[in-house]
Structure formats: structure tokens, C-alpha cells
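Right, one structure below, let's go through it.
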Amino acid sequence: MTLPTIDLRSDTVTRPTPGMRAAMASAVVGDDVFGEDPTTLELEHRVADLLGREAGMFVPSGTMANQIALQLHARHGDEVLVAEGAHCLWYESGAAAAIAGVQLVPVGLAGEVSPDQIRGALRPRVDWCPGTRALVLENTHNRAGGRVIGIAECRAAIVAAHEAGLKVHLDGARLFNAAVALGVSAREVVSDADTISVCLSKGLGAPVGSVLVGTRDHLIEARRLRKRMGGGMRQVGVLAAAGIFALDHHVARLAEDHLAARTLASGLARCNGLTVGTPDTNIVMIDLPADGPIDAGAFAHRAKSRGILLSVFGEFRLRAVTHLDVSLNDVGAATEMLREIAHSVFA
Ligand SMILES: *Cc1c(COP(=O)(O)O)cnc(C)c1O
């Protein structure tokens, strides 16, 4: 008998729902490189509108959105401050160096960056110094465990950056998780960031894509950069339709993922040997004792043999992410099995 699999590795593992597939199948399309794909134009307007910006652009991935933003805000050799643990520092295959040609400097702690930390990290643009040009914030912050950066903190960092002459890009791959957790509109979360990217392929459950928004001028240049990077797509309305469907149907329900994550965390928190904080959103970080009998890889292997898939996030750290394709029941079952494993390992 094969065990049912409960895949908690990431919120990217979701499959398009029947309703989403129907929307994709009936999408009106055209050649988007010519600006003639009505469904893609609609998605871009929708996201720009939601975030209070002039224009938007559909891109194949959040990585490409971030790399285009870096190229908009900095030139080769410039320095860019990023919230510690940033996706563009950890998970974009060195693209910031290899493609955008910028030097990333991590600042702050666990996604939070204070005005003083920004001012303290500035470097002048003189012959022998790179010169700081931009700041990248991330909300929610993945490596900090889906942490929500509060509206006031976010705003203060952006104001300080602007005062120092920096541009600000907000990596909002999980921006709607932050908005739902805070109970505010996405527009409030993004404050005065110059550009913002949001992923449709994470908690929103679309198969592909991100949208980058900013001023009309930013977006004119962004389209050039996207084409240069090979991200110009043709009848891409079939994918944009999935994004529109996700915005219509999968935003408010993120609250269910957050509830499932809290349920998982509280079920595991009382387990010997596991250290689990209370998640802000849909990501649960599970820490094992560094001097303990099992490392994260071996724990994940045991979980897998019971049908539970987790991500290894460090030698003694695991990540579990809730999403559209796991129910509260699934999460309850996963919690029980993970508790059993912990009991047997840490007895
Ligand atoms: C997933 C993610 C991205 C983009 O990832 P892609 O897989 O390239 O779409 C960017 N930033 C954060 C914080 C993410 O979690």
C-alpha cells in the first residue's frame, strides 16, 4: 500500500485547481511581446492597481523580477543592501553578481532592518568605494520563517533608505500572506517601495509567474531588461489567466494556511527535542538540538518514510510550509506522525 503524501516542502508544490485550469483553457491570448495579450495586460493592471502603482509586468519567476529590479536600481559594481537572509542573496544562483552585477550586503536581523542599520551600512560613491544605491526588503521573510515585517518597520526602513538616496525594492513573493496576516490591504504593506514583486506561484497556487510593479518609467526599462534576459513570452495569457484566477479565489483563503501552520507549530512545540516558534504566516521552522541524536537530513528522511515531506533548511533546521494542497486534516495527520518520530528519537 502506498502512503498518501503530505508535501510540506514548499507552497510552490500546489497544482492548478480545476477552476484555474478552466480559466487557463478559455483565456483570450495574443503576442505579449507585442503588448497584445489582453489577459496578461489585465493581470498586470490588476496587480499594479492592488499595490497602488502605475504599471506592472508579468515575468516567469520571482527570481527574474528581483534581478530586473536590481538592474533598474543599481549599476554594475554598485552596492545593494538586502535584509539578512534575503532570497536574492541565498536562492538566485548568484544572479545578483552574475547578471545584475551588484554587490549585495546583508543588513538587519531576521528580515527586520532599522533606519540606523541602513545609515550604518551606507558607503559613499568615491573612487575606492562601491557606493550604496538600493535596499531590498522581503515581506514575508522566507528564511526568518515567513515572518511578517510590520507596516511601521517597513515604512521606517523605506523612509530612511529614501533619505539616503537609495531606491527600494520590496520582494513580496509572499506579500499577500503578510497582508492577510496583518488584516490590511496589500497596498498598506508595500508603503512607498519603488518597485515590488509578488509571486503567483507560491501561496496563491498558480503554476508559474510573478508580477513586478513600479512607475511607468521603471516598467518601460523593465520590459527591455526582461526581453534581454529571455523573459519575453508570447501567448502567455494562458498563464496570466491562472494568476487572475488566483487573485480572485486564493488570497483570502491564505488565512487557512496560516491557521494550519499555527496548528502544526503548536502540536510540535510540546514535543521533546523540537524547538518550534509560533509562525506569523504559512512557514514553520523546526529546530533540532545541535548536539542531539539526529540531524535535519535524517529527520526528514524518517518523515518521508511516513509520507511527510519537509525541507532541510540547515544542519539542524527543517522547514514546513502549508498551502492550498494540504488540508487542516492533512496537517493534523502530519503533526501526529512528526510527534511520533520525535518521541522515538528523543525518548
Ligand atoms: C520563491 C521566492 C522568490 C522567487 O522565486 P522563483 O522560484 O524564482 O519564482 C523570491 N523571493 C522570495 C522571498 C521567495 O520565497
Side-chain angles (χ1 to χ4, degrees), residues 11 39-59 62 65-66 68-69 72-73 83 86-87 111-113 115 118 134-142 144 146-163 166-206 209-220 222 240 242-258 280-282:
D11 46 9
T39 308
T40 303
L41 293 173
E42 182 189 338
L43 171 68
E44 292 170 345
H45 286 141
R46 277 281 296 274
V47 178
D49 230 42
L50 272 173
L51 303 183
R53 295 303 187 272
E54 287 175 359
M57 175 179 74
F58 189 52
V59 283
N66 282 343
I68 289 172
L72 285 175
H73 300 319
H87 191 277
E112 302 262 2
V113 185
I118 292 168
L135 168 71
V136 179
L137 298 173
E138 191 174 303
N139 204 3
T140 66
H141 193 284
N142 174 37
R147 175 121 174 241
V148 175
I149 312 306
I151 293 172
E153 288 76 13
C154 201
R155 183 171 296 142
I158 293 171
V159 167
H162 282 161
E163 279 171 5
L166 311 186
K167 295 291 185 191
V168 179
H169 174 62
L170 175 62
D171 177 350
R174 296 188 181 85
L175 183 75
F176 291 104
N177 292 86
V180 166
L182 290 166
V184 301
S185 68
R187 172 72 192 87
E188 277 180 81
V189 181
V190 302
S191 184
D192 284 332
D194 297 284
T195 53
I196 305 134
S197 51
V198 294
C199 276
L200 303 163
S201 57
K202 299 276 166 82
L204 296 190
S210 282
V211 179
L212 176 72
V213 303
T215 64
R216 215 164 274 121
D217 284 346
H218 280 138
L219 269 291
I220 289 169
I244 292 169
F245 185 92
L247 290 173
D248 286 338
H249 298 96
H250 296 166
V251 175
R253 67 152 303 285
L254 291 171
E256 296 170 29
D257 296 345
H258 300 174
D280 285 349
T281 55
N282 67 330

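Please read all numbers here as calculations on a predicted model, not as lab measurements.
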Set of side chain to side chain contact (heavy atoms under 4.5 Å, CB included) partners for Val159, sequence neighbours left out | Arg155, Glu163
Heavy-atom closest pair (Ala83 atom, Gly111 atom, distance to 0.1 Å) is CB-O, 3.9 Å
Atom CG of Leu175 and atom CG of Leu50: how far apart are they, to the nearest 0.5 Å?
-> 9.5 Å
Non-hydrogen side-chain atoms of Ile151 and Val184 separated by less than 4.5 Å = yes
To the nearest 0.5 Å, what is the distance between NZ (Lys202) and OG (Ser210)?
-> 7.0 Å
Atom of Ala161, atom of Val168 and distance for their closest heavy-atom approach = CB-CG2, 3.6 Å
Check the angle between the aromatic planes of His169 and His73 and answer parallel, tilted or perpendicular using the 30° and 60° thresholds.
-> tilted
Using a 4.5 Å cut-off on heavy atoms from C-beta on, say whether the side chain of Leu166 contacts that of Ile118.
-> yes
Excluding sequence neighbours, so at least two apart, what forms ring pair (Phe, Tyr, Trp, His ring centres under 6.0 Å) with His258?
-> none
Return the set of residues passing side chain to side chain contact (heavy atoms under 4.5 Å, CB included) with Glu44 (not counting sequence neighbours), or none when no residue passes.
-> Thr40, Leu41, Met57, Phe58, Arg223, Arg226
Glu138 side chain to His87 main-chain N or O, any donor-acceptor pair under 3.5 Å?
-> yes
What's the shortest heavy-atom distance between His249 and Arg253, and which atoms?
-> O-CG, 4.0 Å
Val59 to Ala65 - nearest heavy-atom pair and separation = CG2-CB, 3.8 Å
Does Glu54 reach the side chain of Asp217, with side-chain heavy atoms less than 4.5 Å apart?
-> no
Can you tell which of Val113, Ile196, Ile149 makes a side-chain contact (heavy atoms from CB on, under 4.5 Å) with Leu137?
-> Val113
For residues 168-184, which residue pairs qualify under salt bridge (charged side-chain N to carboxylate O under 4.0 Å, His left out), counting only residues two or more places apart or in two chains?
-> Asp11-Arg174
Separation between OG1 of Thr195 and CZ of Arg53, rounded to the nearest 0.5 Å = 9.0 Å
Answer whether the closest heavy-atom distance between the side chains of Leu247 and Val47 falls below 4.5 Å.
-> yes
Partners of Asp280 by side chain to side chain contact (heavy atoms under 4.5 Å, CB included), sequence neighbours excluded?
-> Arg147, Val148
Please list, chain by chain and in numerical order, all residues satisfying side chain to side chain contact (heavy atoms under 4.5 Å, CB included) with Ile244, sequence neighbours excluded.
-> Thr39, Glu42, Leu43, Arg46, Asp248
Can you name the one residue among Val190, Asp49, Leu51 that meets side-chain contact (heavy atoms from CB on, under 4.5 Å) with Val213?
-> Leu51
Once you round to the nearest 0.5 Å, how far does CG of Leu219 lie from CG of Leu212?
-> 6.0 Å
Starting at CD1 of Ile68, measure out to OG of Ser197 and round the result to the nearest 0.5 Å.
-> 10.0 Å
Output for pair (Leu135 CG, Ile158 CD1), nearest 0.5 Å, gives 8.0 Å
